Visitor: 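I have a structure here, written as structure tokens, and I will follow up with some questions on it.
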Number of protein chains: 2
Amino acid sequence: MNIDDIAKLIGVSNATVSRAINNSGYVKEETRRKIFEVIEKHQYVPNAVARSLSTRDTLSIGVIIPDIENEFFSSIISGISEVAEQNHYNIHFLGSNETLGIEHAFLDTVQGQRLSGVIITPISEVDPITKARLIHLEKSGIPVVLVDRDIDDAIFEGVFVDNIAGAYDGVNELIKAGHRKIAIIKGPETSKPGKERLIGYKKALEEANIDLSCEYMVPGNFKIMHSYKGTEVLLNLSDPPTAIFACSNMTTLGCLKYLTEKKIKLGKDISLIGFDDIEILKLIDYKISVIDRDAKQQGREAMRLMLERLKNKGEKKHTRFNVPYQVILRGSERLDR
Amino acid sequence: MNIDDIAKLIGVSNATVSRAINNSGYVKEETRRKIFEVIEKHQYVPNAVARSLSTRDTLSIGVIIPDIENEFFSSIISGISEVAEQNHYNIHFLGSNETLGIEHAFLDTVQGQRLSGVIITPISEVDPITKARLIHLEKSGIPVVLVDRDIDDAIFEGVFVDNIAGAYDGVNELIKAGHRKIAIIKGPETSKPGKERLIGYKKALEEANIDLSCEYMVPGNFKIMHSYKGTEVLLNLSDPPTAIFACSNMTTLGCLKYLTEKKIKLGKDISLIGFDDIEILKLIDYKISVIDRDAKQQGREAMRLMLERLKNKGEKKHTRFNVPYQVILRGSERLDR
DNA sequence: CTGAAAGCGCTTACAG
DNA sequence: CTGAAAGCGCTTACAG
């Protein structure tokens, strides 16, 4: 059942049916009524693939996110979807699972499907293939909007957070609470959040005249198990830290897992501040201090930026901005003595 | 840049380029080499929209899930994606946000986009519009696979869990622990899990000769706040229950939120068993007993069922089965006296 | 207010 | 091994 079948059934041309469906151009009221009657009766739904080919517009946005099981990203998606829906855009969600190969393949999918735009949290800031494909997308008229993570040289639009200031403020709270031996479980330094949160950490220590110690800066990749091991390394140092700055929600969880297993008491044996809040822990009033921001809002803003681009036929205004963050102190930054 | 441009650049016909790209039919080795050279050089990616229109196959599966911020569903999606990727299918993820209107619109999208199939956790078992659209999809040759929730009359294939047995076993553990005053925070009775878990609960009580009390059966909709309020109602009864069966992970969380706020101690003042585990609570060793199953595996199985249907050109074998569940006791089902 | 016709960018039997 | 041509199901200037 296609548009020609519908047209034949009524005795008009497919052009007329098309006009009625799309509410474009004139159609006699009676004809229009008949058309919708037949459509209704046969439950005809126009073929969007054909429509897209003809109009050269898919009205769909690709969303590429590294980890769908991370609540931060599900909130982002949720925000994007909300705004997309209101504006009658479909979203094609693609989870890269923090794997570059998958990310590359998805970028090809975006190109192949001729999606209207792509919103992406790229895994790495320096991966040349992702960068090249994103540039190529823009060249082919498919706007790119970044969320939270960046690409080399800041050439794309995007919605971020001030990681440096956030980390700085957070670590400062640890210092204010009397800590001098402050460790960091880092994020990947090939990502904007990983890189910048480390900068904020260093800046806070330096201003407080605390010497930086390599031993106190352990690598991480925003994954629970990696952070678990990082915590283990830290706490087995001959001179262990008294406080830890965990660079993401997953990092915080890995850290908590280790502390829990070893029965090391938060706020008593060790202090902790994390980046990004953890909803479930709030519900059960498990108190960890965090630097937080509204991820859903960040998703909404990203989609709005995309709509802006789309409205201006892809013209880039180079809009890049941060959503606000806040430091939420719940006590885990202190030691009760 | 389209296939004709590529063809012209080399001096062959578009048919030849198409054959080379799709590795179908013969193409002289030298011609093939030249073609890929040019494709590489211009970063040409074939237009999948045109291809789909021509082949009448999108190689994409629609996935409609009610709540992306629920870890149960993100695991399902994760399992579906894994198997889809291995088999070179794209997935179009659509979050209905437990809203029927959105679900209906998405089903139209699936139809309109002529997706190859749809995997859905329908919000309600009895919604006539969803049911009609699913039937229509099957009629148009788009296979439907259900995950976890069902549609009236069990007319579709799907992957579920034995909710009755699971709930029965779980509640039995409460009874074994000495409880007689056992409440349930229900799921929507218009959904298979909601309905069946209630049946399992009743069955366990009846077999133990415990009278069913209406007061002990409070409604719920698998949402945190609803369950929070349900818990409040239960604990303010003149004769409150000593144990609660929470019908989903979100239900458990709402319950925990209330208990936490009121400083009611789990395993001391009240017992609890929930349906579906909560990953983060495991990490911090917050002990709640649950009936659990492997959601990711359930997603994988659903996608495999879909592949099976697709391979048999949509022929329905009426495969419906359950993934196994297990009861995990961590102490919250008992009262320490 | 309506229709004929070209075009969107592919694929694929068919003929050679 | 390759090309001409029809077709997938729409949209949209153009003409009337």
Side-chain angles (χ1 to χ4, degrees), chain A residues 1-36 38-39 42-60 90 108-116 140-142, chain B residues 1-36 38-39 42-60 90 108-116 140-142:
Chain A
M1 177 113 291
N2 60 31
I3 198 170
D4 290 312
D5 298 329
I6 300 285
K8 234 168 281 165
L9 245 32
I10 311 177
V12 295
S13 76
N14 56 8
T16 302
V17 177
S18 174
R19 283 192 206 98
I21 291 176
N22 295 302
N23 218 335
S24 64
Y26 299 97
V27 180
K28 208 204 296 172
E29 192 41 44
E30 199 196 325
T31 315
R32 181 190 304 276
R33 230 202 21 256
K34 271 196 219 151
I35 290 174
F36 281 109
V38 174
I39 286 179
H42 291 82
Q43 297 196 60
Y44 166 70
V45 181
N47 185 323
V49 175
R51 182 171 206 289
S52 291
L53 182 60
S54 183
T55 61
R56 301 148 137 267
D57 193 356
T58 55
L59 297 174
S60 300
N90 289 311
D108 267 353
T109 299
V110 169
Q111 181 98 42
Q113 302 280 359
R114 303 295 190 268
L115 300 186
S116 314
S140 349
I142 300 179
Chain B
M1 178 114 290
N2 60 31
I3 198 171
D4 290 312
D5 298 330
I6 301 284
K8 233 167 282 166
L9 244 34
I10 311 175
V12 295
S13 76
N14 57 6
T16 302
V17 177
S18 174
R19 284 191 206 98
I21 290 175
N22 296 301
N23 218 337
S24 66
Y26 299 97
V27 179
K28 208 204 296 172
E29 192 41 45
E30 199 196 325
T31 315
R32 180 190 306 276
R33 228 201 25 254
K34 271 197 220 152
I35 290 174
F36 281 108
V38 174
I39 286 179
H42 291 81
Q43 296 196 60
Y44 166 70
V45 181
N47 185 325
V49 176
R51 181 172 206 289
S52 291
L53 182 60
S54 183
T55 60
R56 302 148 135 267
D57 192 356
T58 55
L59 298 173
S60 299
N90 289 312
D108 268 353
T109 300
V110 169
Q111 182 97 43
Q113 302 279 0
R114 303 294 191 268
L115 300 187
S116 313
S140 348
I142 300 179

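Worth saying up front: this structure is predicted, and the values here are computed from it rather than measured. Throughout, a chain's letter reflects where its sequence line sits, starting with A, and its residues are numbered from 1.
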Visitor: Rounding to a whole Å, what distance do you find between B/M1:CE and C/dG9:P?
Guide: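 My rounded result for the distance is 11 Å.
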Visitor: Indicate whether OP1 or OP2 belonging to C/dG9 is found under 4.0 Å from a side-chain N or O atom of B/N47.
Guide: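 No, B/N47 has no side-chain N/O under 4.0 Å of OP1/OP2 on C/dG9.
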Visitor: Send over the distance from B/K8 NZ to D/dA4 C1', rounded to a whole Å.
Guide: 15 Å
Visitor: Quote, to the nearest angstrom, the C1' distance that separates C/dG16 from C/dT12.
Guide: 16 Å
Visitor: To the nearest Å, how far apart are A/D57 CG and C/dG7 P?
Guide: 21 Å
Visitor: Inspect the contact between B/E30 and B/R33 and indicate whether a charged nitrogen and a carboxylate oxygen are less than 4.0 angstrom apart.
Guide: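 Salt bridge: no.
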Visitor: Assuming nearest nucleotide by heavy-atom distance, tell me which of A/N22 and B/R19 is located more 5' along DNA chain D.
Guide: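 Looking at the nearest nucleotide for each, B/R19 comes out on the 5' side.
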Visitor: Does a side-chain N or O from B/R56 land closer than 4.0 Å to OP1 or OP2 of D/dG9, or not?
Guide: yes
Visitor: Between D/dT2, C/dT11, C/dG3, which nucleotide gets closest to the side-chain atoms of B/I3?
Guide: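 Closest of the options to the side chain of B/I3: C/dT11.
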Visitor: Could you give the distance from CD (A/Q43) to CG (B/D108), rounded to the nearest 0.5 Å?
Guide: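 It comes to 9.0 Å.
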Visitor: Taking pairing as Watson-Crick or G-U wobble with both contacts under 3.5 Å, can you name the mate of D/dA4, or confirm there isn't one?
Guide: none
Visitor: D/dC10 phosphate, OP1 or OP2: any side-chain N/O from A/S18 under 4.0 angstrom?
Guide: no
Visitor: Indicate yes or no: at least one non-hydrogen side-chain atom of A/D57 is less than 4.5 angstrom from one of A/S116.
Guide: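 In contact.
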Visitor: Kindly say whether, by distance alone, the side chain of A/S54 makes a donor-acceptor pair under 3.5 Å with the base of C/dG7?
Guide: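 Answer is yes: a donor-acceptor pair is held.
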Visitor: Between the side chain of B/T55 and the main-chain N/O of B/R51, is any donor-acceptor distance below 3.5 Å?
Guide: yes
Visitor: Nearest whole angstrom, please: distance from the C1' of C/dT11 to the CG of B/N23.
Guide: 15 Å
Visitor: Could you state the atom-to-atom distance from CG of A/L53 to C1' of C/dG9 in whole Å?
Guide: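 In whole Å, C/dG9 C1' lies 5 Å from A/L53 CG.
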Visitor: Are OP1 or OP2 of D/dC10 and a side-chain N or O of A/Y44 less than 4.0 angstrom apart?
Guide: yes
Visitor: Quick check: are there more than 12 heavy atoms from other residues, nucleotides or ligands sitting under 6.0 Å from CZ of A/F36?
Guide: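 Yes.
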Visitor: Checking the side chain of A/R114 only, and the main-chain atoms of A/Q111 only, is there a donor and an acceptor separated by less than 3.5 Å?
Guide: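 Side chain of A/R114 to backbone of A/Q111: a pair is present.
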Visitor: Please name the pair of heavy atoms, one in A/I21 and one in A/Y44, separated by the smallest distance, quoted to 0.1 Å.
Guide: CD1-CE2, 3.8 Å
Visitor: A/N14 has an atom CG; how far is it from atom C1' of C/dA4, in whole Å?
Guide: 9 Å
Visitor: Mapping B/S24 and B/A50 to their closest nucleotides on DNA chain C, which lands nearer the 5' end?
Guide: B/A50
Visitor: Just wondering, do B/L115 and B/I142 contact through their side chains at under 4.5 Å, heavy atoms?
Guide: no
Visitor: Rounded to the nearest angstrom, tell me the gap between atom OH in B/Y26 and atom P in D/dG3.
Guide: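 Roughly 17 Å, once rounded to whole Å.
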Visitor: Contact class for B/T55 vs. all strands (heavy atom < 4.0 Å): base, sugar-phosphate, or nothing?
Guide: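 Sugar-phosphate contact only.
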Visitor: Under 4.0 Å, counting only non-hydrogen atoms across every strand here, what does A/V12 touch: a base, just sugar-phosphate, or nothing?
Guide: sugar-phosphate
Visitor: What is the separation between atom CG on B/N2 and atom P on C/dC10, rounded to the nearest whole Å?
Guide: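 One finds 5 Å between P of C/dC10 and CG of B/N2, rounded.
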Visitor: Could you identify which residues of residues 28-36 of chain B place a heavy atom less than 4.0 Å from some atom of DNA chain C, listed by residue number, or say none?
Guide: none
